[in-house]
Structures are given as structure tokens and as C-alpha cells.
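Written below as C-alpha cells is the structure these notes are about.
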Protein chains: 2
Amino acid sequence: MEQPCAELIAVGTELLLGSIANTDAQFLSRELAGLGIGVERHTAVGDDPQQLREAVEAARARTPILITTGGLGPTFDDLTKQVVCRVFDLPLTQHLEVLETIRSIYRDILHRPMSENDRLQALLPEGAEIFPNHAGTAPGFAFCSGGVHVLMLPGPPEECRSVWAHGARDYLRRLSPGVIRSRNIMSFGMGESAVEFLLHEKMCRMVNPSLATYAKPSEVCLRATARADTAEEADALLNPVEAEVRAALGDLVYGVDVSGLAELCLQRLKERGLTLACAESCTGGLIAQRITALPGASAVFRGGVVSYWSSVKAGVLGVDPALLETHGAVSAPVAEAMARGARMITGAELAVSVTGVAGPDSDERGNPVGRVFVALADESGGVYCRHLELGSRSRELIRDEAANHALDLLRRHLDGLPMALTVPDDKKGNQY
Amino acid sequence: MEQPCAELIAVGTELLLGSIANTDAQFLSRELAGLGIGVERHTAVGDDPQQLREAVEAARARTPILITTGGLGPTFDDLTKQVVCRVFDLPLTQHLEVLETIRSIYRDILHRPMSENDRLQALLPEGAEIFPNHAGTAPGFAFCSGGVHVLMLPGPPEECRSVWAHGARDYLRRLSPGVIRSRNIMSFGMGESAVEFLLHEKMCRMVNPSLATYAKPSEVCLRATARADTAEEADALLNPVEAEVRAALGDLVYGVDVSGLAELCLQRLKERGLTLACAESCTGGLIAQRITALPGASAVFRGGVVSYWSSVKAGVLGVDPALLETHGAVSAPVAEAMARGARMITGAELAVSVTGVAGPDSDERGNPVGRVFVALADESGGVYCRHLELGSRSRELIRDEAANHALDLLRRHLDGLPMALTVPDDKKGNQY
């Protein structure tokens, strides 16, 4: 089957200054893949008519679908529409209905008068299909000229997404036969290069479906992607790939199409009717924050303690001061006592804990940066502790990986798996 | 003064699939601005030699500095070097010193044999200047051919940053006269469009220095940028801009060149020799996490409680159950009692608290999504509460904004400012 393809052009000096990342390109690329449209190029230029004209002219000669983001607003540097329409030789005319919508936004929502400049947002090519913007004033729109479909979307991410959902997606759906389906196979416990090393042969020889790794901090997602005429055919291509990955990585694979370990744990806790608490030292609230970021967390997450100082470990979590004195705050006995304490004071069936040295400096007892203990206290009163040496990475990576190890203990317990991480082959992190 | 300019080309199908955002482009653009080098275009293409060749040929004709990211690794789809060097007609040769470095990484750090493929990473153009990679195996390098400086950097963000810091930056510093200096003026309490509306005239008429807004969730950064021959001259251009912004926004400006409210609060607490605790319900650890993400947080942050369930508010923080019964968990009296409780159980001089409805659903007492109470308990035993109605935004935005309001109370207290937010003019959010 023939796959239609597209190019994206983002307009905005803030991109070239590095003030923002081009997240619209990422969002649209994922969405286009889901529609079976391949993206061949991203371009970003500044608010400069000459540079933009060159980019549009070059893209027009290469691609049947051109999508621009940015430069549709009412300010002096919003020039995308004027430039693109000049390239395609389309005059702009005032759309009265759009003008009325914009006027009502200023009147009813922004409570300020509409300026002359604001009226420019209703200047659109004649015959363009309009996509309403529920997050801002400038609508998106599309037209087809000389065999090229041109879609113009606003730049602010929420506005881009709104216009996408309210018309742009449907416009493109009508153009593209077939589907691309992806499956995100999530694993924890092995770095990206090690996963690639293990699956190298498979990844090389596969085109449709394809298999690629991408690393999130301390996790690796294996993304299998298949192109086919129907979703069912695509799924039939993906099933054996998932099976092969599971065979290679064993119980390091924790889920498919789940956003991370926190979401997986939340699902499992709900299924099992159990509740959770946590006690965090070096992760400083990261585990709690990650769980409570998910809607519905309150059904299973009771709460937690960020026991940054030893006095809080003792006073709030009830860790025996003698234990802190003898072993120090960064130790297995203290991690275990923290987990037990969190379970006790909140009444949750399960609790996880973390204590360690996130850096940049080693602690006063000489524990090196990256030494972390994570523990799980379970519903039967048992406790399990994992000792980590995460090396001299950044504070952010150490905290992130420590939080994931705590959640990995939890999911192993909930899934009835061995608590120890058993890495099939190479066990280096994703630094290399 | 003449400003040198550059183009960036990123190579990687994962960018075109939307698996990752092109954060290397953002990082490099910021860094280049700091060196006085303007970026004129970002391009991203897939692991496709033909597409890459076209992009490199076009860029070569336009720009004196070309920087590529990605495609330098040892896997089958890493083709950037081969394609770029063919365009510039430079043969690749085996660099023995680089080969030895890579061999030692495999031997000493990765503990696995180096494959034939891995040797490809030591194939570089003759005479290229090598930039070591302390976060991976493939080095970066630069050469100059036909008047174009070409720098090739690895794609994984940590590797790109490492190679940048270990040679690429210095290579470019030698090429660029003058400097661009930026100043990030941070404000909280007013949406981006309202800030723009207020400063519109100024922002329009300014070129050097320029002034642009960029919104972080619930904060607005005003970035003033000046280009000059020396840092001192650039600073002299920036001083009056900062003064004008401060005059317009009043005490909504909380700092300059500080990463956010959390960092500002941490600095102030250190200066004042005070310690902090927090009690979080709907923010679920976000405040603690944000503070402890900063190195040195342990000097002033004692800890906190994530009291997600009412039973934890009562049992751990000591909130009077009668208060919870009468007013409900989402109420000013409970927010105040939480802050007092956090202060009490940790011994910190100051504590902030948050309780509210982050959504997606209203609570069992009918409190709507976005209703949040944040409170501060201070060193004299006083307590202050702010009532927020954040409307039906996303869970993420509500949590983010609520956390910032709590930190805003703290910084107002520490800076001796009025506790209430007084917005100069329009007070709409950054949706429009």
C-alpha cells in the first residue's frame, strides 16, 4: 500500500532562540503516524518572511501534505498566513463568521475590546476549511492548491492540539488509507544499549513491523510499529513481535501501552483492592508525586512522608533513633524501618521507601553518590530491601531511577514475581 | 557588528515518529545564542541517506556553520557521518587514538567485547578536531570545508551536552565575535497574554535589546536579550528593560535568572537561616519534589507529609477530625491546620500546605475541580490562607499552579511583601 507523507514547518523565533522545544512537531508526528501518514521532515524557521518563504517553496516541491504551526496570532510578528498564501498565490479574505467568533471570545472571555490587529486573525484564504480553536483566538484552516494539502495550525501547544482535534485530524483522515499501529512494550531494569544489544538482530531485519527502542530515564520502551490496511491486520503483525520481546527480556517487561511503572502499580493495586503509602528521603516526594499525577490515585494511595531530615524519620515515621545512629540514614535497616513506619502511620497495606545519596556530594558518613536503599513493606508484615549503587550520575537521574526501583519492588510483589531483578545479559545502565 | 549564523540538522527516525522531541535543537540554540551565534533554521530528517543528503546540500549553500545531531552511533541506521562527509567530499579514516578510547570504554565500563560495528565510531574525516564524549562511545568532531564549519554531535541529549562542553563550544567560541546576553525576568500571578497585553508597546518597538515572553505552566518568564561587543555593553542595554518590566509588573516579578519559585524560596530560606516543611493533599508531593530536586535542599527542607486521605491528615498531621467533618478536607480551616501540623511534627519554622480538587471530577462535597486552598504557617505562629478557583483546567495544570501559589505565599512572607496577589491590570490566565 502507498503511504502518504507530510512535512512540518514550525514558525517562531522562540524556537530558534531555544526558549521552547518544538513539541508541536512531536505531537503532530505521533498523531500522523496513527493516521498512517509518514513524516519526512521537520523544519523550524524564525518570524522571518524570507526564510519562511524559502522553506515553504522547497517543501511544496517535495511533499503532498504540508503542515505549518505558529505565526497565526494577532501580533506584529505573526506572518505565516500571509507568506504561505503568497507562495500558493491565494488571496486572503475576511471571514465574517470567524470574525464574529473571535469578537465573542474577546467580549465574553477576555473582557477586553478587540483591536484592529485582532481582526487579522479572521483573514483566511477563500474556500479554506476552518478548524475552530477552543484554547485561543486564531483558528486553524486547510486548503488544497496545486495538489498540495496545506494545513495551518496555531503554535501554542494547547491551541495546536485543540485545532488538531477539532477538524485538522478529520481533514487528514479523509486523505490517508490504512493505519499505522504502535505498541509500546515497557521494560525496567536494563539500559537501552543493553536492550538493543540483546535484540539487535531482530531490530535490524524488521521493516514492517519495525522495532525500535527509546529510553525514558531509567526505563526502556520498545516500540513495535506496523503498517497495514486495517487495525486488525496491523495487530496480527505486532503480536509475534511482542512475544519475541517478552521472551528475550523476561520479567523485565512490566506492561504494554502503559505510561510507566506508576500507572502499572496503580492498576494492580485497584485490581487487588490494596492501598499504598510511601516514605521518601532522597527522592523527596517524587514517588508520591508520580502516583498522584494519575487520575484516580486517591482510590489506592493513602499518602506518604517526605522524611528528608533524620529527625523526621524518627519523629514522624517512628524510625528507632538507635537504628539511625548505628547504621546511618542511608542503610538497609533504616529503609526497612521507613517502609514499616509509613505502613503503620497511614494504615495502608503496602508501603515503599527510599533512602540514599542523590548527590552532588557524598553524605557525612562517606556513602557515595548513588548509594540508595529501597524497601517494600507488605500486607503480611514482611519487608524486602534492594541495595543500589547507581554511580555518579546526575541528581535527577539518581532520583528518577531510585523511584522506579521502589515501584519495581511494588509491581513484582503485586504480580507475584521474584523480588530480585534478574537481567538476561548485560546489566549496564543506559549511559552507554 | 556582524553576527555569524548557524543551521541545525537533527537526524533520527524517532524524531519523525514523534517518539522524542528535538531537545538537542533547543539546547544548542540557547547555547549558540549565548555565544552570539544566531540560529536560522532547524531541520529534522529520518535515518534516510537521500533525505539527509538533500538537507545537508541545501544548508551548505545557505549557512557558514552547520551542526548535526544524531546518527553517529554504532548501529546500522547511524549514517550521518558517511552522508555528510560524502557531501563535503571528505574521506573517512580510522583514528587510532579514538579507537583506543572506544575500546577502553567497552572493556572498562561496558564490560563487553567491542564488535566490528563499534569500530565504525572511530572512522572520522582526516584532520577533524575531535570532541570527547563522556556520556557515550561516539565522539563528536568538527571540520571546515569550502568555508563551512561543520560540527557533528551525537544525538542522545546527555551525549550531545557532553560533547558540546568538551570541545564543540570552544570551537565555535573562536569563530564568533561579540556576545548575546539574556536575562530571564520571572513572574508569577498573571497569564502570558495578560503580560503581553500590558507590555505590548514595549515588546513591539524593541529590537536590541529585545523582550519576549515565554510561559511555563502558571508562570511567565520575560526574556530580555541584547547583542553587543562585550558583556558589559550588553548588560547596560538590559538594565533599563529590567527596570521597565519591574515597574509594570510590580511584585509579581519574583526574581531574575532563577529557575522558578522553588529555587528562589530555597535561596531566601538559606539567607534567613530558616527551615521549611510542607503538607500536601492534591499536589501529592509536587512541592516537596520540586524543592528537593535542587541541590542543597537538605540545608533548609526538613520534610513533608503527603496527606492524600483524610485519615492521614488527621492521624499524621494532627488535623482535628471535627474540622474535617465540619468543613470538609477542601477548606481553608483544614489547609491552615495542615500547615500548622506540618510545622509542628517536623519542627520547621515555616510550613506550606495545599488541599484542593485537582480533578478530573469534583469531590464528594461538591467542591468543583480547581478549588484549592493553600496556606502558610510562619515562625511566629501565624497562618495565612489563599483561596483559589483555578477552573476546569487539566489535573496537571491545577497541581502545578497550586504548588506555585503555595511557594508564592512563602516567598512573599520571606520578602516581607503583602500576602495577597495584586494583579496590575487584566487578570486572565494564559489560555488566551
Side-chain angles (χ1 to χ4, degrees), chain A residues 14-23 25-27 29-30 33 39-46 51 76 105 109-110 112 135-137 196 204 212 214 223 284-286 288-289 292-293 295 298 301-309 311-312 315-316 345-347 360 395-396 426 428 431-432, chain B residues 14-23 25-27 29-30 33 39-46 51 75-76 105 109-110 112 135-137 204 212 214 223 284-286 288-289 292-293 295 298 301-309 311-312 315-316 345-347 360 395-396 426 428 431-432:
Chain A
E14 67 277 21
L15 293 162
L16 301 188
L17 284 171
S19 303
I20 56 171
N22 189 359
T23 52
Q26 183 182 16
F27 167 74
S29 295
R30 273 184 193 254
V39 176
E40 301 222 311
R41 188 186 290 237
H42 298 168
T43 305
V45 294
Q51 294 269 358
F76 67 101
I105 294 173
I109 303 179
L110 297 176
R112 66 169 188 248
T137 49
E196 274 200 336
C204 283
Y214 71 106
R223 185 180 226 195
L286 188 57
Q289 189 275 324
T292 59
S298 59
F301 183 70
R302 291 184 185 233
V305 174
V306 180
S307 53
Y308 222 51
W309 282 22
S311 60
V312 177
V316 180
I345 65 170
T346 62
R395 184 175 175 88
E396 190 184 345
D426 190 319
K428 293 310 295 178
Q431 286 271 91
Y432 289 91
Chain B
E14 66 278 22
L15 292 163
L16 301 186
L17 285 170
S19 303
I20 55 170
N22 189 359
T23 51
Q26 182 182 18
F27 167 74
S29 296
R30 274 183 193 253
V39 176
E40 301 223 309
R41 189 186 288 238
H42 298 167
T43 305
V45 295
Q51 295 270 356
T75 68
F76 65 101
I105 294 173
I109 303 179
L110 297 175
R112 67 169 189 249
T137 49
C204 283
Y214 70 106
R223 183 179 228 196
L286 187 58
Q289 190 274 323
T292 59
S298 59
F301 183 70
R302 291 185 185 231
V305 174
V306 180
S307 53
Y308 222 52
W309 283 22
S311 60
V312 177
V316 180
I345 64 170
T346 62
R395 185 176 174 88
E396 191 183 344
D426 191 318
K428 293 309 295 180
Q431 286 269 93
Y432 289 92

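Letters A, B, ... are given to chains in the order of the sequence lines, protein chains preceding strands, and every chain is numbered from 1.
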Contacting region of [X] [heavy-atom separation from chain B under 4.5 Å]:
X        : result
A/Val45  : both
A/Ser307 : backbone
A/Ala293 : both
A/Arg41  : both
A/Val305 : both
A/Glu40  : both

Work out which heavy atom in [X] is nearest to a heavy atom in [Y]; give both atom names and the distance.
X        : Y        : answer
B/Ala33  : A/Leu17  : CB-CD2, 4.4 Å
B/Pro360 : A/Pro295 : CD-CB, 3.7 Å
A/Gln26  : B/Ala21  : OE1-CB, 3.3 Å
B/Leu16  : A/Val39  : CD1-O, 3.2 Å

So does [Y] get a backbone contact from the side chain of [X], meaning a donor-acceptor N/O pair under 3.5 Å?
X        : Y        : result
A/Gln289 : B/Gln289 : no
A/Trp309 : B/Gly303 : no
B/Thr292 : A/Gly284 : yes

Mind checking whether A/Asn22 and B/His42 have side chains closer than 4.5 Å, heavy atoms only?
no
Determine whether B/Val306 and A/Phe301 make a side-chain contact, defined as any pair of heavy atoms from C-beta on separated by less than 4.5 Å.
yes
Residue among B/Ala44, B/Ala25, B/Gly46 with most heavy-atom pairs under 4.5 Å to chain A
B/Ala44
Given a strict heavy-atom distance threshold of 4.5 Å, which part of B/Arg395 is in contact with chain A: side chain, backbone, both, or neither?
side chain
Chain A contact via B/Gln51 - which portion, at a heavy-atom distance below 4.5 Å:
both
Check whether the side chains of B/Ser19 and A/Arg223 place a donor and an acceptor atom closer than 3.5 Å, and report yes or no.
yes
